[in-house]
2 protein chains.
Amino acid sequence: MSHSMPPIAPGPAHNVPDLESRAAPEDHQDLRLWLRMLTCCNLIESELRSRLRTEYETTLPRFDLMAQLLRVPGGMKMSELSRHMMVTNGNITGITDQLEKEGLVERVKVASDRRSSLIRLTTKGKRIFRKMAQSHEEWVRAMLGGLSEKSRNNLFEALGELKLLAQPQLSGRN
Amino acid sequence: MSHSMPPIAPGPAHNVPDLESRAAPEDHQDLRLWLRMLTCCNLIESELRSRLRTEYETTLPRFDLMAQLLRVPGGMKMSELSRHMMVTNGNITGITDQLEKEGLVERVKVASDRRSSLIRLTTKGKRIFRKMAQSHEEWVRAMLGGLSEKSRNNLFEALGELKLLAQPQLSGRN
DNA sequence: TATTGTTATACTCTATAACTATA
DNA sequence: TATAGTTATAGAGTATAACAATA
């Protein structure tokens, strides 16, 4: 997009119908705020999903799992991955299976606890992930980069506040 | 939650591992901002999905479709719904089929264009949706309500700006 | 020819739950 | 008993594509 793709349906940059357009005048501010945030996230997320699929034949969860691993050269336990990615253990097994089959990650047995293994990126996995991550970051920049400095800061601060509010609400999932 | 459910794993309200925790110091601000926004959205969205499922045996897309319809008593064409909800036509057909089977919406043939029909809420659908919507709004308030007035306003403004930036990037999907 | 809606299909992601092997 | 990971299953959600009817 920003780097090359012309918008197919340029249209007006305002008033595109979306989830928020269902909000009624009498709806409370929190609801409108949520619909607006959801719309933004969905726009960006579906763009990223689509790009990952068409340009790298991968998916967001697979990308996320590899992203988690990149920072921890020694690898992570599946239960750790499960916590970070906020999905259940079985799902981590499935995604890991796929990535392992393609030689992007490997399971490494550890002596200290014979039940668990460490998952880590292979050399090939690192190489490929770095390329994907660079593209990914460009896509994100293309979508967020137009924000004013003030909005960017405000957004970051407010979302930080929100994350703290929303997290403790969550029940454990594993 | 806020209204009754105690957090199962209270834990510290800070430093809970999530998607953002993969961000490296050298990562650009836009990427961190995106990860933070994604985490917030996922937290809230999965809470809403889970509530809709356990308390009303429904799903977010079904809820969204009914929400779109509530404001338009005359009904909407499926292609309109498809645009607003940003999913393909076939998916709208599927969701509509389910809702129609449960008597919550109905297809109404129109004379002007015999290819299309209008989808609208039935009386039962309106009644049930109003209840769900009220709960939904309470859940959202419980999660966003703790934000300071300033953050709420900043967030709303900044997301409005972002929505305009992100929308024109999108290619048409139908 | 283009559009509306339907159908069929395939795939990813997810939660749940039962299971094993360790701890 | 509790934990780490696996397996099986079922369902949600989505995209794609072929299709019929109509515009």
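Chain letters run A, B, ... following the sequence lines, proteins first, then strands; residues in each count from 1. Scope of the values below: all heavy atoms of this structure, side chains included, with no hydrogens, waters or symmetry mates.
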For this session: Specify the residue among Arg114(A) and Arg49(A) whose closest nucleotide of DNA chain C lies further upstream toward the 5′ end.
Result: Arg49(A)

Seminar exercise, completed: Note: for Ile92(B) and Asn91(A) on DNA chain C, the residue whose nearest nucleotide lies more 5' is Ile92(B)

Distance in angstrom units between [X] [atom1] and [N] [atom2], rounded:
| X | N | atom1 | atom2 | value |
| --- | --- | --- | --- | --- |
| Leu52(A) | dT14(D) | CG | P | 17 Å |
| Leu81(B) | dG13(D) | CG | C1' | 17 Å |
| Arg62(B) | dG13(D) | CZ | P | 9 Å |
| Gln98(B) | dG11(D) | CD | P | 12 Å |
| Glu57(B) | dA12(D) | CD | P | 11 Å |
| Glu45(A) | dA15(D) | CD | P | 12 Å |
| Leu99(B) | dG13(D) | CG | C1' | 14 Å |
| Met85(B) | dA12(D) | CE | C1' | 13 Å |

What does [X] touch in the nucleic acid at a heavy-atom separation under 4.0 angstrom: a base, only the sugar-phosphate, or nothing?
| X | result |
| --- | --- |
| Gly90(B) | base |
| Arg107(B) | sugar-phosphate |
| Thr93(A) | base |

For this session: Please tell me which of Ser112(B) and Met78(A) maps to the more 5' nucleotide of DNA chain D, matching each residue to the nucleotide holding its nearest heavy atom.
Result: Met78(A)

Seminar exercise, completed: Comparing nearest nucleotides in DNA chain D, the 5'-proximal residue of the pair Leu60(B), Arg53(A) is Leu60(B)

OP1 or OP2 of [N] under 4.0 Å from side-chain N/O of [X]:
| X | N | result |
| --- | --- | --- |
| Asn89(B) | dT6(C) | no |
| Thr59(B) | dG13(D) | yes |
| Thr88(A) | dT16(C) | no |

Charged N to carboxylate O below 4.0 Å: is that the case for [X] and [Y]?
| X | Y | value |
| --- | --- | --- |
| Asp30(B) | Arg152(A) | yes |
| Asp64(A) | Arg22(B) | yes |
| Glu102(B) | Lys124(B) | no |

Problem set entry | Stepwise ring-ring contact (aromatic ring centres under 6.0 Å, His included) test for Phe63(B) and Tyr56(B) | CA-CA 10 Å; Phe63(B) 180 84; Tyr56(B) 291 102; 8.6 Å; no

For this session: Measure from the side-chain heavy atoms of Arg115(A) and tell me the nearest of dA15(C), dA15(D), dA4(D).
Result: dA4(D)

Exercise. Would you say the side-chain atoms of Ser117(B) pair up with the backbone N or O of Arg107(B), donor to acceptor, closer than 3.5 Å?
Worked result: no

